[in-house]
Amino acid sequence: MNNHPTPLQDTLAKPFLKWAGGKGQLLKQIVELLPAEIHTGEITKYVEPFIGGGALYFYIAQNFPTIETFLISDFNQELFLAYKTIQQDVEGVIDCLKALDGEYQMLDKPARKRFFYGRRSQFNQSLDTLNPQQFQTNWVRRVATLIFLNRTCFNGLFRVNAKGEFNVPFGDYQNPKICDADNLRAVAKLLQKAEIRCGDFTHTADFIDDQTFVYFDPPYRPLTKTASFTAYSKLPFNDDEQVRLATYCASLTTKGAALMLSNSDPKNEDQNDHFFDELYNQFTIHRISASRAINSDSSKRGKITELLITNYSSQ
């Protein structure tokens, strides 16, 4: 079976944000485990409730013409604003990014660092002025600032504190690509197909039926207490939330939807940790090879296994 159909548009859209846990490096393995019905045209709807960087959404939207409707969502308000704003006014975002890029590139290293922290402070101070319920012109500058910070901060992380403030430090890159106008326009074109929501993953239930493929990429369960990185939102995603997600997956299975879920594999650290094996014991659990990307100790970075969990058998 051909798992790599011909893309539908010339300029291939790719994630416009660097995103910790992004699925670009695992995309080939994920694609190999897509449900057969997505290739035969029986699946006509796609849902991604934790959109993050959107690598799989972009792949699906560009390669499967029989999928007619898309729903992407996230509980992270900044992500929602980013996707919605690029959908509504990509040229405004590009203009703001070009201005930021022009200012930044002219500065020496100390001035770049001051510029970064100045924009980060403005970004955090304007947090309470946003109304995510209705598109506003001030979203454009905020989204451009978010992309700028993401491209110039340490490791391209998105992390917030308990107040919801972006707190990643300066990254000190020599020549970061701050404005990729061609990609942003390609992203905007794809987003015309999508309904974009902000909220809990359960808020997608009304959209999902037996012709739907749903991909869940929630904040990963930490492998160790010191390796926790779930700070994509000021709201925690703990084991209770993982259980609630599994319950939701079970309810969607009764609707006949095809589901895939990514998560960390606890057995990397403890072979006796059966958390996901027990939680998804009615599903198919695949262990795939991945690279550990987030760890302050470089000696602990390397190949590990991650989980891809499906409610259908592999092809």
Side-chain angles (χ1 to χ4, degrees), residues 13-19 47-54 57-58 61 69-104 115-153 156-168 178-204 206-207 231-235:
K14 60 183 185 295
F16 58 92
L17 291 172
K18 296 179 181 179
W19 198 256
V47 177
E48 192 167 339
F50 300 90
I51 187 61
Y57 163 71
F58 292 127
T69 50
F70 297 81
L71 171 61
I72 60 176
S73 68
D74 207 283
F75 55 80
N76 183 315
Q77 178 178 279
E78 301 297 346
L79 269 180
F80 166 76
L81 292 180
Y83 281 95
K84 193 70 177 177
T85 303
I86 290 171
Q87 182 195 55
Q88 298 290 321
D89 187 7
V90 67
E91 294 304 324
V93 174
I94 289 170
D95 288 344
C96 283
L97 273 174
K98 285 181 176 178
L100 285 167
D101 190 21
E103 289 184 74
Y104 187 79
F115 186 85
F116 172 88
Y117 284 111
R119 291 302 180 273
R120 194 183 77 168
S121 178
Q122 291 174 8
F123 183 83
N124 288 331
Q125 288 171 6
S126 64
L127 180 64
D128 295 333
T129 67
L130 296 171
N131 175 16
Q133 304 304 317
Q134 185 175 2
F135 177 76
Q136 301 168 339
T137 55
N138 65 340
W139 290 11
V140 172
R141 180 170 294 278
R142 184 169 187 83
V143 170
T145 303
L146 172 64
I147 295 173
F148 165 77
L149 293 174
N150 178 253
R151 293 285 167 175
T152 55
C153 74
L157 296 176
F158 182 94
R159 185 185 65 201
V160 297
N161 60 23
K163 296 179 181 179
E165 298 170 334
F166 183 81
N167 64 354
V168 185
I178 293 169
C179 182
D180 188 344
D182 288 343
N183 184 59
L184 286 169
R185 291 186 179 107
V187 166
K189 183 177 179 180
L190 283 187
L191 290 177
Q192 303 311 309
K193 303 178 179 184
E195 179 181 346
I196 305 171
R197 297 182 184 177
C198 183
D200 185 76
F201 58 84
T202 59
H203 294 170
T204 58
D206 63 308
F207 189 90
Y232 306 106
S233 164
K234 60 184 179 181
L235 300 175

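What's counted below: heavy atoms across the whole structure, side chains too, no hydrogens, waters or symmetry copies.
Summarising the geometry of W19 relative to G52, their closest heavy-atom pair is NE1-CA, 3.6 Å, with the distance given to 0.1 Å. Of all heavy-atom pairs between A144 and L100, the closest is O-CD1, 3.8 Å. Pairing each heavy atom of V140 with each of V93, the nearest pair is CG1-N, 3.5 Å. Across all non-hydrogen atoms, the minimal contact from R119 to T145 is O-CG2, 4.0 Å. Between F58 and G53, the closest heavy-atom pair is CE1-O, 3.5 Å. Across all their heavy atoms, I147 and I178 have their closest contact at CG2-O, 3.9 Å.
Rounded to the nearest 0.5 Å, atoms CG (L146) and CG (L97) are 9.5 Å apart. For the atom pair CZ (F148) and CZ (R141), the distance works out to 12.5 Å, reported to the nearest 0.5 Å. Distance check, rounded to the nearest 0.5 Å: CD of Q88 to CD1 of I196 gives 7.5 Å. Distance CG/L190 to CD1/I86: 11.5 Å, rounded to 0.5 Å. A distance of 11.5 Å separates SG in C198 from NZ in K84, rounded to the nearest 0.5 Å.
A99 pairs by the side chain to side chain contact (heavy atoms under 4.5 Å, CB included) definition with nothing, not counting sequence neighbours. Here D200 pairs with R244 under the salt bridge (Lys or Arg N to Asp or Glu O under 4.0 Å) rule; sequence neighbours left out. R142 meets the salt bridge (Lys or Arg N to Asp or Glu O under 4.0 Å) test with E78; sequence neighbours excluded.
With D74 contributing its side chain and F80 its backbone, the two residues share no donor-acceptor pair below 3.5 Å. Side-chain N or O atoms of D89 include none that pairs as donor or acceptor with a backbone N or O of T137 at under 3.5 Å. Judged by distance alone, with hydrogens and angles left aside, the side-chain atoms of E165 form no donor-acceptor pair with the main-chain N or O of N124 at under 3.5 Å. Counting only distance, with no hydrogens or angles, the side chain of E48 and the backbone of S73 share no donor-acceptor pair below 3.5 Å.
When L71, I51, I72 are each tested for a side chain to side chain contact (heavy atoms under 4.5 Å, CB included) with R197, only one passes: L71.
Between R151 and D180 there is no salt bridge, since no side-chain nitrogen of the basic residue lies less than 4.0 Å from a carboxylate oxygen of the acidic one.
Within the 4.5 Å cutoff, the side chain of R185 has heavy atoms near those of the I94 side chain. Looking at L191 and Y57, their side chains come closer than 4.5 Å, going by heavy atoms from C-beta outward. A heavy-atom distance below 4.5 Å is found between the side chains of F207 and T69.
Classification of the F166-F158 ring pair by plane angle, with boundaries at 30° and 60°, yields tilted.
Ring centroid separation for the pair F16 and Y83 comes in under the 6.0 Å cut-off.
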Yes or no on ring pair (Phe, Tyr, Trp, His ring centres under 6.0 Å) for F201 and F75, after CA distance, side-chain angles and deciding distance? CA-CA 7 Å; F201 58 84; F75 55 80; 8.4 Å; no

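In the model, Q122 has no side-chain atom that pairs as donor or acceptor with a side-chain atom of S126 under 3.5 Å.
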